[in-house]
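By convention in this document, chain letters (A, B, ...) are assigned in the order of the sequence lines, proteins followed by strands, and residues within each chain are numbered from 1.
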Amino acid sequence: MPKLALATIVAQDAIDAAPALLGCKLIHDSQEGTTSGIIVETEAYSQDDEASHSFGGPIARTQVMFGPPGYAYIYFTYGMHYCFNVVTGGEGNGQGVLIRALEPVSGLELMARRRFATAKQLPLLDKQLHDVSNGPAKLVQAMAITKADYGVNLLINGRLRLEAGTVPKHIVQTTRVGIRRAADAPRRFYIAGNPFVSRR
DNA sequence: CAGATGATGTTCT
DNA sequence: GAACATCATCTGC
């Protein structure tokens, strides 16, 4: 069963867009080569959500979340990590979907080289393979997404873009990871049984 | 295996 | 000062 058009998916509120983005593909063209992966884990953040960066209204850092859907919201955290979100919902409404894990599709060796200091040879061991992109900051590093990608349109044919995929068979809905406020809200979604999910 | 902890810089109280 | 949408590495079972 094919996915809805991406523009339709991201126009929904984050709580609906988050599961709908599972199975879609994220693609990045770079000088080094192309990397891509299937989105297997997401979290929804909305303006009325205490845990969201958009809670309380727009500030400089979160401006893009209040713009039209389908753009990249990238933030820096813990002094060393970047994370990547897809802006969702209507303009003027601060929302986004955090992409928490990818299943590599192409450019696996390049992704592994970016993640690990030493150049790994394919095939990777299972431990190394899963570790390439099973976390929000890990996939950003593997895909070489940077703050320069903040605010790019992911729906057009740019260097960083989304592509519709197939609807996953089973989706699990549960609580989000690494937050204190609204910790009980079931706003995390992942593809059941997928080995690249960051945690169960 | 689980749990604790340090790294490191921006944002919040 | 403390918290933070994290990760790698350490300790102890």
Inset, instruction - In whole angstrom, give the distance that lies between atom CE of A:Met65 and atom P of C:dA5. - result: 11 Å
Inset, instruction - Mind calculating the distance between CD1 (A:Ile74) and P (C:dA5) to the nearest angstrom? - result: 16 Å
Quiz: residues 21-29 of chain A side-chain donor-acceptor pairs under 3.5 angstrom, not counting sequence neighbours:
{"from": "A:His28", "atom 1": "ND1", "to": "A:Met143", "atom 2": "O", "distance (Å)": "2.5"}
{"from": "A:Asp29", "atom 1": "OD1", "to": "A:Thr34", "atom 2": "OG1", "distance (Å)": "2.7"}
{"from": "A:Asp29", "atom 1": "OD2", "to": "A:Arg161", "atom 2": "NH1", "distance (Å)": "2.9"}

Inset, instruction - For C:dA2 and B:dT5, measure between their P atoms and round to the nearest Å. - result: 16 Å
Inset, instruction - Please answer whether C:dA5 and A:Tyr45 are stacked, defined here as ring centres separated by less than 5.5 Å and planes angled under 30°. - result: yes
Legend entry - Test side chain to side chain donor-acceptor pair (under 3.5 Å) applied to A:Gln141 and A:Arg114, step by step: CA-CA 7 Å; A:Gln141 188 185 5; A:Arg114 287 167 174 158; over 6 Å; no
Inset, instruction - Find the distance A:Lys147:NZ to B:dG9:C1' and express it as a whole number of Å. - result: 11 Å
Legend entry - N/O (side chain, A:Arg61) to phosphate O (OP1/OP2, B:dT10) under 4.0 Å: no
Inset, instruction - Send over the distance from A:Lys127 NZ to C:dT9 P, rounded to a whole Å. - result: 9 Å
Legend entry - Distance in angstrom units between A:Arg176 CZ and C:dT6 P, rounded: 11 Å
Legend entry - Integer-rounded Å distance: C:dA5 P and A:Lys138 NZ: 18 Å
Inset, instruction - Let me know the distance between CZ of A:Arg181 and P of B:dT11, rounded to the nearest Å. - result: 15 Å
Inset, instruction - Could you work out which one of B:dG9, C:dA5, C:dC4 sits closest to the side chain of A:Arg180? - result: C:dC4
Legend entry - Between CD1 on residue A:Ile191 and CD1 on residue A:Ile38, distance to nearest 0.5 Å: 7.5 Å
Legend entry - Which residue lies more 5' along DNA chain C, comparing A:Asp131 with A:Leu98 via nearest heavy atoms: A:Leu98
Inset, instruction - With rounding to the nearest 0.5 Å, note down the distance linking CZ in A:Phe189 to CD1 in A:Ile39. - result: 14.0 Å
Inset, instruction - For DNA chain B, just give me the dot-bracket, please: Watson-Crick or G-U, both distances below 3.5 Å, ( ) intra-strand, [ ] crossing earlier pairs, | paired with another strand, . unpaired. - result: |||||||.||||.
Legend entry - Selected nucleotide, minimal atom distance to A:Tyr75 side chain, candidates C:dA5, B:dT10, B:dA7: C:dA5
Inset, instruction - Give the nucleotide from the list C:dA8, C:dC7, B:dT8 with an atom nearest to the side chain of A:Arg115. - result: C:dA8
Using distance only, find each side-chain donor-acceptor pair of residues 50-62 of chain A under 3.5 Å and give its atom names and separation, not counting sequence neighbours.
{"from": "A:Ser52", "atom 1": "OG", "to": "A:Ser46", "atom 2": "O", "distance (Å)": "3.4"}
{"from": "A:Ser52", "atom 1": "OG", "to": "A:Ser54", "atom 2": "N", "distance (Å)": "3.0"}
{"from": "A:Ser52", "atom 1": "OG", "to": "A:Ser54", "atom 2": "OG", "distance (Å)": "2.7"}
{"from": "A:His53", "atom 1": "ND1", "to": "A:Tyr73", "atom 2": "OH", "distance (Å)": "2.7"}
{"from": "A:Ser54", "atom 1": "OG", "to": "A:Gly94", "atom 2": "O", "distance (Å)": "2.7"}
{"from": "A:Thr62", "atom 1": "OG1", "to": "A:Ile59", "atom 2": "N", "distance (Å)": "3.1"}
{"from": "A:Thr62", "atom 1": "OG1", "to": "A:Ile59", "atom 2": "O", "distance (Å)": "3.3"}

Inset, instruction - Kindly indicate whether the side chain of A:Val97, heavy atoms from C-beta on, has any atom under 4.5 Å from the side chain of A:Glu43. - result: no
Legend entry - Out of C:dA5, C:dC7, C:dA8, whichever nucleotide has its closest atom nearest the side chain of A:Ala137: C:dC7
Inset, instruction - Begin with the C-alpha distance, continue with both residues' side-chain angles, and end with the deciding distance and a verdict on ring pair (Phe, Tyr, Trp, His ring centres under 6.0 Å) for A:His81 and A:Phe76. - result: CA-CA 6 Å; A:His81 297 300; A:Phe76 181 68; 8.3 Å; no
Legend entry - A:Glu50 CD - B:dT11 P separation (whole Å): 21 Å
Inset, instruction - State which of B:dT8, C:dA8, C:dA5 makes the closest approach to the side chain of A:His53. - result: C:dA5
Legend entry - Of A:Ile59 and A:Tyr78, the one whose closest DNA chain B nucleotide lies more 5': A:Tyr78
